[in-house]
Amino acid sequence: MGRILSIDYGKKRTGLAVTDPLCIIAGGLATVPTDQLTKFLNDYISRETVDLIVVGEPMQTNGQPSENLQRVREFVMKWTAQHPDIPVQWYDERYTSVLAHRAMIDGGLKKKARQNKALVDEISATIILQSYMDSRKFQIDR
């Protein structure tokens, strides 16, 4: 059984999260410069089995596409052309940055640490992945 990996794709930085091998718990993996994302992912999948990639779909609160959506779509198209054996699932990423900041506050991080955008991106990717897994479990349990 392989892992599920999630991507919170950004213009400059991309947050990544991954499940444990049994796909029970999501945890932060890394934040990488977006221009190094494909190399990082290729290195990662050469060492670990990844059965699915969940990509945060950037939408505005009103449901309209955000300005980043086109960049994310271009990345996904290139990735799936290179790796057709790893399916990609879109997942709504609205409010994940707000939830990440809330988690940082609730976790007791000081203001300086909460300003670390790379950490916010990694936590956002983790929230995307855990939310995806929770929604899938709900569908299975029904």
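Quick note: residue numbers are just sequence positions, from 1.
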Original post:
Going from CD1 on I7 to CH2 on W79, what distance comes out if it is rounded to the nearest 0.5 angstrom?
Top reply: 7.0 Å
Original post:
Closest approach of I4 and C23, non-hydrogen atoms and distance?
Top reply: CG1-SG, 3.9 Å
Original post:
What heavy-atom pair brings S131 and Y91 nearest, and what distance separates the two atoms?
Top reply: O-OH, 3.3 Å
Original post:
Do you know which of D35, T31, T34 makes side chain to side chain donor-acceptor pair (under 3.5 Å) with T14?
Top reply: T34
**OP:** Determine, using the 4.5 Å side-chain heavy-atom cutoff (strictly less than), whether L22 and I25 are members of one ILVMFWY cluster.
**Re:** yes
Subject >> Euclidean distance, R73 CZ relative to E57 CD, rounded to 0.5 Å >> reply: 6.5 Å
Subject >> Distance-minimising heavy-atom pair for E122 and L29 >> reply: OE2-N, 3.6 Å
Subject >> K78 side chain near T38 side chain, heavy-atom distance below 4.5 Å >> reply: no
Original post:
Out of curiosity, L5 CG to T49 OG1, how far, rounded to the nearest 0.5 Å?
Top reply: 12.5 Å
Subject >> ILVMFWY network linking F75 to W90, side-chain heavy atoms under 4.5 angstrom >> reply: yes
**OP:** With side-chain contact (heavy atoms from CB on, under 4.5 Å) as the test, would you mind laying out the steps for Y132 and L52 before giving the verdict?
**Re:** CA-CA 11 Å; Y132 171 80; L52 175 68; 3.3 Å; yes
Subject >> Interatomic distance, L41 atom CG to S46 atom OG [nearest 0.5 angstrom] >> reply: 11.0 Å
Original post:
Do S6 side-chain atoms and A125 backbone N/O form a donor-acceptor pair below 3.5 Å?
Top reply: yes
Original post:
Does any N or O in the side chain of R3 come within less than 3.5 Å of the main-chain N or O of V50, such that one atom is a donor and the other an acceptor?
Top reply: no
**OP:** Answer whether the closest heavy-atom distance between the side chains of Y9 and V76 falls below 4.5 Å.
**Re:** no
**OP:** Determine, stepwise, if the pair V32 / Y44 fulfils side-chain contact (heavy atoms from CB on, under 4.5 Å).
**Re:** CA-CA 12 Å; V32 297; Y44 186 80; over 6 Å; no
Original post:
Of D8, V72, D92, which meets side-chain contact (heavy atoms from CB on, under 4.5 Å) against P58?
Top reply: V72
Original post:
Judged by atom type as modelled, is there a donor-acceptor pair below 3.5 Å linking the side chain of D51 to the main-chain atoms of G2?
Top reply: yes
**OP:** First locate atom CD1 of I128, then atom CG of L16, and finally report the distance between them rounded to the nearest 0.5 Å.
**Re:** 10.0 Å
Subject >> Spacing of L69 atom CG and E74 atom CD [to the nearest 0.5 Å] >> reply: 10.0 Å
Original post:
Can we say D43 and R47 salt-bridge, meaning some charged N sits less than 4.0 Å from an Asp/Glu carboxylate O?
Top reply: no
